[in-house]
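Working notes for the structure below.
Counting begins at 1 with the first residue of the sequence. Both backbone and side-chain heavy atoms feed into the values below; hydrogens, waters and symmetry mates do not.
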Amino acid sequence: MVSFVIGLNQTNQLPTMLQLLVLCLLSVSASANFGGLSEEKPANLEVTHLAKAVYPEVSSSVGETQVFQPISYKTQVVAGTNYFVKVKVSDTDYLHLRIFLPLGTTLHNLGEGEHMPELVAIETGHQQEDPIEYFQTSTVTKSA
C-alpha cells in the first residue's frame with residue numbers, strides 16, 4: 001500500500017483539487033489489481049445468486065447436476081466484473097464458471113434490464129483442489 005503525506009505547497013496554500021485527485025488516483029491504482037485476478041475467496045450470497053442465475057445455461061451445456069453449490073471465486077475488474085466461480089456439481093466433480101457482470105449491477109438490480117449476468121465460459125473436469133485460474137473459452141466434456 002502507498003501512503004501520501006499532504007502538506008502545504010511552496011506558497012503555504014492547501015493542495016488544489018487536481019493535486020488531490022491525482023493523489024487519490026495514485027493511491028487507488030497502487031492498491032487495485034485492475035485486469036488481474038483477485039485472491040480466491042469463499043463464495044458469498046452475491047456469488048451464489050450469480051451462479052444460480054446462469055444455471056439454466058450451465059445445465060444446457062453440461063447437463064443436469066446432482067448439486068450446484070458455489071464454493072469459491074475470484075474476480076477480475078474489466079468494463080464490469082468477471083467472476084471466476086468454482087462450483088461443486090457432485091461428490092467429486094467441480095465446474096469453473098466465468099460470469100460477466102456489467103458495471104452498476106448489484107444484488108438489488110440483478111436480472112433487471114441491462115443488469116443481466118452473462119455466462120461467458122465453462123470449464124469441466126475440475127476437482128476440489130484445483131485452483132481457479134483465468135480462462136477465456138469453454139472446455140466442456142459431457143459425461144457418456
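Atom OG1 of T75 and atom CG of N82 lie 9.0 Å apart (nearest 0.5 Å). Note that CD of E118 and CG of L101 are 10.5 Å apart. Values are rounded to the nearest 0.5 Å. The structure places CZ of F84 at 10.5 Å from CD1 of I99, a figure rounded to the nearest 0.5 Å. Atom OG of residue S60 and atom OH of residue Y55 lie 10.0 Å apart, to the nearest 0.5 angstrom. The OG atom of S72 sits 3.5 Å away from atom CD of E40, with the distance rounded to the nearest 0.5 Å.
Neither L95 nor I71 shares a network with the other; the hydrophobic side chains, linked directly or stepwise wherever heavy atoms of I, L, V, M, F, W or Y lie under 4.5 Å apart, form separate groups for each. One hydrophobic cluster, built from ILVMFWY side chains closer than 4.5 Å, cannot hold both L119 and Y94; they sit in different ones. Grouping the Ile, Leu, Val, Met, Phe, Trp and Tyr side chains by contacts below 4.5 angstrom, directly or via other members, places V78 with V120.
A pairwise comparison of heavy atoms in P70 and T48 identifies CG-CA, 3.9 Å as the closest pair. R98 approaches F135 most closely through the heavy-atom pair NH1-O, 3.1 Å.
Here the rule is side-chain contact (heavy atoms from CB on, under 4.5 Å) with I122, and of V87, V62, T137, V54 only V62 fits it. Evaluated for a side-chain contact (heavy atoms from CB on, under 4.5 Å) with K86, the options H96, H126, K74, Q69 yield exactly one hit, H96.
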Y83 and E46: side chain to side chain donor-acceptor pair (under 3.5 Å), yes or no, with the steps? CA-CA 11 Å; Y83 286 80; E46 178 182 18; 3.1 Å; yes
